[in-house]
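All values below were derived from every heavy atom in this structure, side-chain atoms included, with hydrogens, water molecules and symmetry-related copies excluded. Convention: sequence-line order gives letters A, B, ...; per-chain numbering from 1. No experiment lies behind these values; they were computed from the predicted model shown.
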2 protein chains.
Amino acid sequence: MQTRSRITMADVAREAGVSTATVSFVLNNTKAVTPAVQARVEAAVQALGYRPSHAAQALRTGRSLALGLIIPDLTNPFFPKLAQDIEQEARTRGYAVLLADSHDDPALQQEHLGTLAQRGVDVLLVVPAVGTDDTLTADVPLIAIDRAAGDTPLVHSDKRQGGQIAAQHLLDLGHREFAVLAGPSRHGGVGERVRGMLGTLERAGVPVRKGRIYESDYSLLAGREGARHLLQTAPGFTALLAANDTLALGALSALTEAGITVPGQVSLVGFDDIPWSALSAPSLTTVRQDTRQMARQAIELALQTVNAPQVAPLPVGTTLTVRGSTAPVTTPGPLPPGPLPDPGHRPLENA
Amino acid sequence: MQTRSRITMADVAREAGVSTATVSFVLNNTKAVTPAVQARVEAAVQALGYRPSHAAQALRTGRSLALGLIIPDLTNPFFPKLAQDIEQEARTRGYAVLLADSHDDPALQQEHLGTLAQRGVDVLLVVPAVGTDDTLTADVPLIAIDRAAGDTPLVHSDKRQGGQIAAQHLLDLGHREFAVLAGPSRHGGVGERVRGMLGTLERAGVPVRKGRIYESDYSLLAGREGARHLLQTAPGFTALLAANDTLALGALSALTEAGITVPGQVSLVGFDDIPWSALSAPSLTTVRQDTRQMARQAIELALQTVNAPQVAPLPVGTTLTVRGSTAPVTTPGPLPPGPLPDPGHRPLENA
DNA sequence: TTGAAAGCGTTACCAT
DNA sequence: ATGGTAACGCTTTCAA
């Protein structure tokens, strides 16, 4: 069936009794054409089952109608959702997505940047790998998503705001003893989310001391280890803020294992609202990022960039999803009074 | 910087003082060339920073060195891992991956099949959407992964075997009262995994009755609902087999919520060994699929198919990862004697 | 061993 | 309103 050689525009032209130019015109309605001719051409296209050659189009126009997407780790549940949304959004605009996974490795990311660019993608969307040195470059326009990289145009949600509402939620519940699972440090500091959290807490008069901040990667395992570590070296916190849901869920498993009840003894807030977060026990209070909106902005910006200079979009807002992992600090269990309202704080021992 | 127009092979040829043909020959070492010339060409390539135009190559050779990958749902944690492995495996062979998500919708899948084929991918790898009617077709060679679709060449792990070892594990622990979360029914029946489970149980003399088999999709939510449903309508089982980890983890949350201890009162086994399974509480005993191996086979088969007729590879083996969610039936809690060794079975009531 | 030149299937300019 | 035709950048046959 599919062994017969390709049907070309010339075939269609012949069948319709017109020139290839005319066929091209009607196909792309790039120039006015008599209704009669139009109909003949369309009929011919139908009859022959003509499909334009993408390669030829790309060669001729210099546009591949493909975009590259470089993700740090498809195994981190936040990214599949993002990738899904980007793919969908791209498709509705006629773009296909070339996917690459950098495994959070800047070197591999660099390789991807090169190969995808050479492959002729019109634009590259990249969620920069964690160790990315500030200069992200390629031979095609670049858009950063979610994480900043130098002055690459960035589409992201307002993570600082997200961190703020997470912290504020816990403050509102009366918590005063905080610990933080910070994820990896970026640019020699802590990420925006955590910055938002810490800033809010400081302004509220309950700064988090260094020993209560655990830096690591974003993995489930890191969440476990981080929670264990915090429990051992700096117990007494009643609220735990995690830089993402993966960390939070890892922490949840460690806490539970250590016999700490959530939210009874420790309230826990995550970030991202990945699917699992709704179904953990307890379900996870978390900051939701609007991946759909991010995807839309990214594609928008990308396509603009392909044609004209771009305008940086506003950060996407985040919202707090309050679920079962957070509770007022006045719940059964040792109640360490906040340092401000009440001195004489007594650490919470595991059990 | 990148505004200067493309460096073509002609530029290189001129710089090296040779013809484009020669340049092509050295670049693809497709024909013998004098070392001297070779060196000159290479130098010119370096000097000019020449990058071949992929579009031109594709047009000329009819090969895009790209493959399409259609995934049913990137949000299901099993697939990102598979996609990652496929992308990696493809890349090492010089292939790029065009990703599409069918959202488990046959219609959308069909659309993808069309667009990707027209986009000129050399071959399409597809994990068929659940409702896929048996005839999966496209204008390019097709490889099915993980799920069968008509007589499309299939790469998959031996799911029946996986189901067998899962069931056998529970039998070995002494369980006799089984329930099954079966996932969606395919081709008017239950999937291979479940078939493997049920077959094994039947052969052991402990057939599972209809009311103990819950069909649904593969989601976390379905796992929850399924477990709840089974608990209400057909309590008394001590062992629960799930068609995948997502279902199992959903079930775990429902069981826990219902006050049923795992593995104390009910042993639970999943399928896939997704990352979360190691970190749930309790951790999940599950059947691991070797995605790496599947990816390798798929790419191998795909590339063969692009050139010559293919030979179907053997199903990839699965292995059981025993973790914390399974225990001998002789654990604290009501002990329903197996029907064969011991009649007079007493159902387990929740609590 | 190297080069000239004919395409691959489109698009788009320039005529008509 | 249409058609002829020259590119687009590469591979590959055929000659030299």
J.: Could you point out which residue of B/Val121, B/Thr115, B/Leu124 forms a side chain to side chain contact (heavy atoms under 4.5 Å, CB included) with B/Leu98?
T.: B/Val121

J.: For A/Arg63, which contact category applies under a 4.0 Å heavy-atom criterion: base, sugar-phosphate, or nothing?
T.: nothing

J.: Please classify the nucleic acid contact of A/Gly17 as base, sugar-phosphate, or nothing, using heavy-atom distances under 4.0 Å.
T.: sugar-phosphate

J.: Please report the closest heavy-atom contact between A/Asp73 and B/Gln84, naming both atoms and the distance.
T.: OD1-NE2, 3.0 Å

J.: Heavy atoms under 4.0 Å, any strand shown: does A/Thr30 hit a base, just sugar-phosphate, or nothing?
T.: nothing

J.: Please report the end-to-end axis angle for the helix from C/dT1-D/dA16 to C/dT16-D/dA1, five pairs per end, rounded to 10 degrees.
T.: 40°

J.: Which part of the nucleic acid does B/Ser24 contact within heavy-atom distance under 4.0 Å: base, sugar-phosphate only, or nothing?
T.: base

J.: Salt bridge or not between A/Arg296 and A/Asp85? Use side-chain N to carboxylate O under 4.0 Å.
T.: no

J.: Per the atom types in the model, does the base of C/dT1 pair as donor or acceptor with the side chain of B/Lys31 at under 3.5 Å?
T.: no

J.: Return whichever of B/Ala21 or A/Met9 has its heavy-atom-nearest nucleotide of DNA chain C closer to the 5' end.
T.: B/Ala21

J.: What's the CD-C1' distance between B/Gln38 and C/dT1, to the nearest Å?
T.: 13 Å

J.: For B/Thr61 and for B/Val37, find the nucleotide of DNA chain C with the closest heavy atom, then tell me which residue's nucleotide is more 5'.
T.: B/Val37

J.: Indicate the atoms forming the closest heavy-atom contact of B/Gln289 with B/Asp146, along with that distance.
T.: OE1-OD1, 3.8 Å

J.: Between which nucleotides of DNA chain D, 5' to 3', does chain B make heavy-atom contacts below 4.0 Å?
T.: D/dG9 to D/dC14

J.: Counting side-chain heavy atoms from C-beta on, which of C/dA15, C/dT11, C/dG7 comes nearest to B/Arg60?
T.: C/dG7

J.: Do B/Asp122 and B/Tyr95 have a side chain donor and acceptor closer than 3.5 Å?
T.: yes

J.: Please find the pair of heavy atoms, one from A/Pro128 and one from A/Pro72, that lie closest to each other, and give the distance.
T.: O-CG, 4.2 Å

J.: Looking at B/Glu89 and B/Arg292, is any side-chain nitrogen of the basic one under 4.0 Å from a carboxylate oxygen of the acidic one?
T.: yes

J.: Please determine if a side-chain N or O atom of B/Ser19 lies less than 4.0 Å away from the OP1 or OP2 oxygen of C/dG3.
T.: yes

J.: Using distance alone, with no hydrogens and no angle criterion, decide if A/Gln46 and A/Glu42 have a side-chain donor and acceptor under 3.5 Å apart.
T.: no

J.: In sequence, state the C-alpha distance, the side-chain angles, and the governing distance for B/Glu300 and B/Arg93, and then conclude on side-chain contact (heavy atoms from CB on, under 4.5 Å).
T.: CA-CA 9 Å; B/Glu300 192 75 45; B/Arg93 317 295 196 87; 2.9 Å; yes

J.: Would you kindly give the CZ-to-C1' distance between B/Arg40 and C/dT2, to the nearest whole Å?
T.: 11 Å

J.: Calculate the interatomic distance between A/Leu27 atom CG and C/dT11 atom P; express it in whole Å.
T.: 7 Å

J.: How close or far is atom C1' of C/dC8 from atom CD1 of A/Ile7, stated in whole angstroms?
T.: 16 Å

J.: Round to the nearest Å and state the distance from A/Phe25 atom CZ to C/dA12 atom C1'.
T.: 7 Å

J.: Considering all heavy atoms of both residues, which atom of B/Val127 and which atom of B/Phe79 are nearest to each other, and what is their separation?
T.: CG1-CE2, 3.7 Å

J.: Judged by each residue's nearest nucleotide on DNA chain D, which is more toward the 5′ side, A/Thr20 or A/Val33?
T.: A/Val33

J.: According to a strict under-4.0 Å criterion, is A/Gln57 in side-chain N/O contact with OP1 or OP2 of C/dT11?
T.: yes

